[in-house]
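Reviewing the structure listed below.
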Number of protein chains: 2
Amino acid sequence: MAKLQKSIDKRNALVKATIELVNNNGFHATPMSKIAKMANVSPATIYLYFENKQDLVNQTYIDVKAEYTNYAFADFDPNMPIEEGFEMIWKRIADFKLNECEHAMFLAQCDNTPMIDEESRQEGIKHLQPLLDLWERGKKEGVIKPLSDYILYAYAINPLSFLMMTQKRGSFTLDKAHLEEAYQSAWSSIKTCL
Amino acid sequence: MAKLQKSIDKRNALVKATIELVNNNGFHATPMSKIAKMANVSPATIYLYFENKQDLVNQTYIDVKAEYTNYAFADFDPNMPIEEGFEMIWKRIADFKLNECEHAMFLAQCDNTPMIDEESRQEGIKHLQPLLDLWERGKKEGVIKPLSDYILYAYAINPLSFLMMTQKRGSFTLDKAHLEEAYQSAWSSIKTCL
DNA sequence: ATAGCAAAAATGAACGTTCATTCTTTTTTT
DNA sequence: AAAAAAAGAATGAACGTTCATTTTTGCTAT
C-alpha cells in the first residue's frame with residue numbers, strides 16, 4: 001500500500017509538472033528531462049508510468065478534463081429546475097476557470113492545438129453529458145432556445161475560456177460584479193425570451 | 001521590379017507553408033526543413049527573409065491578424081448606426097472564420113499557446129480598435145450594455161472561434177440558418193434590453 | 001542589343017546541440 | 001535473496017542554424 005501510494009504520488013507529480021511546463025513553453029518545447037527534474041524523478045522513471053511523451057500528455061489531458069467536469073457538476077442534481085441548474089453549473093465552471101487557472105489554461109491549449117490524440121479528445125468530451133441533458137430538457141420545456149448544443153456551448157460556456165485567458169494575460173481582472181454580468185449575458189443568450 | 005516581386009512571392013509562400021504546417025502539427029513539431037520544402041525553397045533561404053524560426057512565426061501571426069481585421073472592417077463606416085455597424089462587422093468576421101478557416105485556426109492556436117512573443121501579440125491586438133470604438137459609441141448612446149470590452153468580445157465575437165473549431169473538427173456544420181441564430185445570440189448578449 | 005562582371009540571392013551539405021527513449025546498474029521493497 | 005522500481009549515462013535521430021559554393025540578377029561598356 002505504501003508502495004502503491006508512492007507510485008500514485010509520483011504519477012501525480014509528473015502530471016502536475018507536465019501541466020506547468022506545457023503551459024509556459026508549449027508541448028514540444030517541453031523536454032521530458034525537464035518534466036522529470038520538476039517531478040524529482042529520473043527521465044527513465046517517466047517510462048515506468050507512461051508509454052511515451054504522447055501518452056503522458058494524453059493522460060494528463062484526460063485527468064484534467066475529468067477534474068474539470070467533476071468540479072462543474074459537484075453540487076448539481078439532474079432534477080433541479082432548468083435555470084437553477086444552469087446557474088449552478090455555470091458558476092462552478094466559472095470558479096474552476098478562474099481559480100484553477102493553470103488547469104483551465106492547459107485545457108485551452110489542448111483544445112486549440114493538434115497536440116492531443118483524437119481518441120483522447122473524444123474521451124474528454126463524454127464527461128460533459130449532464131449539461132447537454134439539462135439543455136435537452138430545457139428545450140423540451142421551452143425554457144432554452146431550440147439551438148444546436150454547439151451554439152449553446154459557444155455562447156453560454158465558451159466565453160469563460162476567453163475571459164480566463166485575458167485575465168491570465170493580465171489585461172484585466174474579473175471581479176464579482178463582472179462575473180454576475182457575465183452570467184447574465186450567458187443566460188440571456190440561451191434562454192427563450194418570455 | 002521583377003526581382004522584388006519574386007522575393008515577395010517567396011516570402012508569401014513561406015508564410016503560407018508555415019500556416020498550413022503549424023495548423024496540422026503545431027509550432028514546435030514543424031521543422032524549418034519542411035516549411036522550406038513546402039515553399040519550394042532551400043532551408044537556408046528562409047534566413048534571408050526571416051531572422052529565425054521565432055521571427056517567422058511572429059511575422060506570420062501579424063500578417064494573418066492584419067488580413068483578418070482588414071477583412072472584418074472592409075465595408076464598415078464608423079458613422080453607421082450602431083446595430084447596423086455591428087451586424088456588418090460580425091458577419092464579416094463570421095465569413096472570415098468560416099471561409100478562411102485555415103487562417104482563423106492559425107490565429108486560434110497562436111492565441112491559446114505561448115508560441116507568439118508578447119510584443120507581436122500586442123501588435124496584433126491594435127487592429128481591433130474600430131470595433132472597440134463602435135462599442136464605446138454604443139455605450140454612450142445606451143444601445144450597448146455598459147460592460148467591459150473584454151466581456152463584450154467574449155460574448156459577441158469569441159463564440160465564433162469555438163464554432164469555427166468544432167466545424168473544422170467535423171462535429172457539425174454551420175449553415176446559413178445557424179449563422180443567423182448565432183448572430184441573434186451575439187447581438188442579444190450585448191444590446192441593452194429595451 | 002549584348003558580353004562581361006560585381007553584387008545579391010539561393011542552395012545543399014555540414015555543424016553542434018538537444019531531445020525522446022533505452023540500456024545497464026544500483027537501490028528499495030517484500 | 002528475489003523482484004520491482006528507480007537511476008544515470010548512453011544512443012541515435014532530428015532539429016535550427018550557418019557555411020562555402022553556385023546561380024541569378026542588374027548594370028555597364030561596347
Side-chain angles (χ1 to χ4, degrees), chain A residues 1-61 106 109-110 113-117 120, chain B residues 1-61 106 109-110 113-117 120:
Chain A
M1 192 227 122
K3 187 81 255 281
L4 184 61
Q5 188 50 42
K6 195 175 177 188
S7 289
I8 286 178
D9 287 350
K10 221 162 259 190
R11 204 198 98 110
N12 289 344
L14 285 166
V15 166
K16 189 164 184 288
T18 302
I19 294 166
E20 183 169 340
L21 289 167
V22 169
N23 270 348
N24 290 326
N25 311 315
F27 174 46
H28 287 287
T30 302
M32 294 295 261
S33 56
K34 266 193 201 160
I35 296 176
K37 192 164 288 174
M38 182 171 277
N40 282 317
V41 138
S42 153
T45 302
I46 301 182
Y47 292 85
L48 299 176
Y49 294 85
F50 303 94
E51 257 181 60
N52 50 37
K53 194 182 180 186
Q54 185 64 54
D55 182 45
L56 166 59
V57 77
N58 284 342
Q59 288 200 38
T60 301
Y61 175 72
F106 180 78
Q109 187 165 176
C110 292
T113 64
M115 77 190 236
I116 298 294
D117 282 349
S120 303
Chain B
M1 192 225 123
K3 188 79 251 285
L4 185 61
Q5 187 51 42
K6 193 174 177 189
S7 288
I8 286 178
D9 287 350
K10 222 161 259 191
R11 204 199 98 110
N12 289 344
L14 284 166
V15 165
K16 190 166 185 287
T18 301
I19 294 166
E20 185 170 338
L21 288 167
V22 168
N23 271 347
N24 291 326
N25 311 317
F27 174 46
H28 287 287
T30 302
M32 295 295 261
S33 57
K34 265 194 202 161
I35 296 175
K37 193 165 288 175
M38 182 169 278
N40 282 316
V41 137
S42 154
T45 303
I46 301 182
Y47 293 85
L48 300 176
Y49 293 85
F50 304 94
E51 256 181 59
N52 50 35
K53 195 182 179 186
Q54 186 63 54
D55 181 46
L56 166 59
V57 77
N58 283 342
Q59 287 201 38
T60 301
Y61 174 72
F106 180 78
Q109 187 165 176
C110 292
T113 65
M115 76 190 238
I116 299 293
D117 282 349
S120 303

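Note on naming: letters A, B, ... go to the chains in the order of the sequence lines (proteins, then strands), and numbering restarts at 1 for each one.
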Taking the side chain of [X] as heavy atoms from C-beta outward, which of [options] is closest to it?
{"X": "A:Tyr47", "options": "C:dC19, C:dT21, D:dG8", "result": "C:dT21"}
{"X": "A:Pro31", "options": "D:dA6, C:dA20, D:dG8", "result": "C:dA20"}
{"X": "A:Asn52", "options": "C:dT21, D:dA6, C:dC23", "result": "C:dT21"}
{"X": "B:Met32", "options": "C:dA10, C:dA20, D:dG16", "result": "D:dG16"}
{"X": "B:Leu48", "options": "C:dG12, D:dG8, C:dA10", "result": "C:dA10"}

How many Å lie between [atom1] on [X] and [atom2] on [N], as a whole number?
{"X": "A:Ile46", "N": "C:dT21", "atom1": "CD1", "atom2": "P", "result": "9 Å"}
{"X": "A:Ile8", "N": "D:dA5", "atom1": "CD1", "atom2": "P", "result": "13 Å"}
{"X": "B:Tyr49", "N": "C:dA8", "atom1": "OH", "atom2": "P", "result": "14 Å"}
{"X": "B:Leu14", "N": "C:dA10", "atom1": "CG", "atom2": "C1'", "result": "12 Å"}
{"X": "B:Ile35", "N": "D:dC15", "atom1": "CD1", "atom2": "C1'", "result": "12 Å"}
{"X": "B:Asp9", "N": "C:dA9", "atom1": "CG", "atom2": "P", "result": "15 Å"}
{"X": "B:Arg11", "N": "C:dA10", "atom1": "CZ", "atom2": "C1'", "result": "18 Å"}
{"X": "B:Lys10", "N": "C:dA10", "atom1": "NZ", "atom2": "C1'", "result": "6 Å"}

Minimum side-chain heavy-atom gap [X]-[Y] below 4.5 Å:
{"X": "B:Asn52", "Y": "B:Ile46", "value": "no"}
{"X": "A:Phe27", "Y": "A:Thr18", "value": "no"}
{"X": "B:Thr60", "Y": "B:Lys16", "value": "no"}

Exercise. Do B:Asn24 and B:Glu20 have side-chain atoms, one donor and one acceptor, less than 3.5 Å apart?
Worked result: no
For this session: For B:Ala44 and for B:His28, find the nucleotide of DNA chain D with the closest heavy atom, then tell me which residue's nucleotide is more 5'.
Result: B:His28
Exercise. Think B:Lys53 forms a cation-pi with B:Tyr47, using NZ or CZ under 6.0 Å from the six-ring centre and within 45 degrees of its axis?
Worked result: no
Exercise. Just to confirm, is there a sub-4.0 Å distance from OP1 or OP2 of D:dA7 to any side-chain nitrogen or oxygen of A:Thr45?
Worked result: yes
Exercise. Does a nitrogen or oxygen in the side chain of B:Lys53 sit under 4.0 Å from OP1 or OP2 of D:dT17?
Worked result: no
